[in-house]
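The chain is numbered in sequence order, starting from 1. Just follow the structure's listing: the first ligand is 1, and inside any ligand the first atom is 1.
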Amino acid sequence: MQIHNLSETPSILNTFMAELRDKNVQKDSMRFRRNIERIGEIMGYELSKSLEFEKHSIETPLGNSDTVLHKKDIVLCSILRAGVPLHNGLLNYFDAAENAFISAYRQHKHNPESFEIVVEYLACPSLEGKTLILADPMLATGQSMVSTFEALKPFGTPKEIHLASVIGAQPGIDYVSKAFDSDVHLWIATIDNELNDKGYIVPGLGDAGDLAFGNKLQQ
Ligand code: URA
């Protein structure tokens, strides 16, 4: 897997990341959602440099302008519900993309420290020969990303695969690296070292779904 860690070069992205993490600023859920969306926009721009481009000629009022435009073959897939703001940010730039949504959640069956990923709702166009961008803002254990990809397999074989995350934990990145081929790209805004015993990223930012959309009752 090819890892592109966007915070290796300091940029405005650090400001958005600091606001996402800050326990006082992150209480503003509209700012929280918008900061994830802004990171999705930056990620979309960076990711776009690796896409397939083809020649086009654009007719202006005064003549023709030759350029290259990326192939419009993107399917953007996100995991509900925390993935929605990152999805929106990517979609702001890849506005011609087709979209797929999948629900994956952690089911704590026996004790709060162990869980399995349950995939339920799935709406997806054909992926055959297309560019799949799979977005999951918090790459914690990596199990949601891998379970989602398994669930997408009946929809066809993508030409190329890009994984997009805001924060990844190193153990989750190691897990995902083993599950995906070496030509798959991981675009990540930053990487933290640890997971706690509940599978949360440390220092991370907390529960991205709750911060974006409010608390939920535990299942
Ligand atoms: N999901 C979250 O929202 N936060 C984490 O730290 C891990 C998974």
Which residue supplies the protein heavy atom nearest to [atom], what is that atom called, and how far is it?
atom                   : answer
atom 1 (N) of ligand 1 : Met138 CB, 3.7 Å
atom 8 (C) of ligand 1 : Arg106 NH2, 3.6 Å
atom 4 (N) of ligand 1 : Gly206 O, 2.8 Å
atom 6 (O) of ligand 1 : Ile201 N, 2.8 Å
atom 5 (C) of ligand 1 : Tyr200 CD2, 3.3 Å
atom 7 (C) of ligand 1 : Ala140 CB, 3.6 Å

Checklist line | Test side-chain contact (heavy atoms from CB on, under 4.5 Å) applied to Glu19 and Leu205, Asn35, Asn24, Asn14, the passing residue | finding: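 Among Leu205, Asn35, Asn24, Asn14, the one that satisfies the side-chain contact (heavy atoms from CB on, under 4.5 Å) with Glu19 is Asn35.
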Check: Does Pro137 come within less than 4.0 angstrom of ligand 1, counting non-hydrogen atoms of the residue?
Finding: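 It does not, in that no heavy atom of Pro137 comes within the 4.0 Å cut-off of ligand 1.
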Notebook entry, point to check: For ligand 1, is there an atom lying under 4.0 Å from some heavy atom of Ala169?
Noted result: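 False for this residue.
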Notebook entry, point to check: Under 3.5 Å between some N or O of ligand 1 and some N or O of Gly199?
Noted result: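 So ligand 1 has no N or O lying under 3.5 Å from an N or O of Gly199.
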Next item on the list: Determine whether Trp187 and Leu139 fall in the same hydrophobic cluster, where Ile, Leu, Val, Met, Phe, Trp and Tyr are linked whenever their side-chain heavy atoms lie under 4.5 Å apart.
Entry: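 Hydrophobic grouping puts Trp187 apart from Leu139.
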Margin query: Please verify the inter-ring angle class for Phe94 with His70; under 30° counts as parallel, over 60° as perpendicular, anything in between as tilted.
Written below: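 The arrangement is perpendicular - the two ring planes meet at more than 60°.
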Margin query: For a side-chain contact (heavy atoms from CB on, under 4.5 Å) check, start with the C-alpha distance between Leu186 and Val176, then their side-chain angles and the critical distance, and finish with the verdict.
Written below: CA-CA 9 Å; Leu186 170 65; Val176 167; 5.7 Å; no
Next item on the list: With heavy atoms under 4.0 Å as the rule, classify the contact between Ala208 and ligand 1 as side chain, backbone, both or neither.
Entry: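 Both of them.
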Notebook entry, point to check: Do Thr190 and Asp192 have side-chain atoms, one donor and one acceptor, less than 3.5 Å apart?
Noted result: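 No donor-acceptor contact under 3.5 Å links the two side chains.
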Item checked: Asn92 versus Glu41, side-chain donor and acceptor atoms under 3.5 Å ->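 There is such a pair (donor and acceptor under 3.5 Å, judged by atom type) between the side chains of Glu41 and Asn92.
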Next item on the list: Walk me through it: do Met43 and Leu6 pass the test side-chain contact (heavy atoms from CB on, under 4.5 Å)?
Entry: CA-CA 8 Å; Met43 202 164 269; Leu6 303 188; 4.1 Å; yes
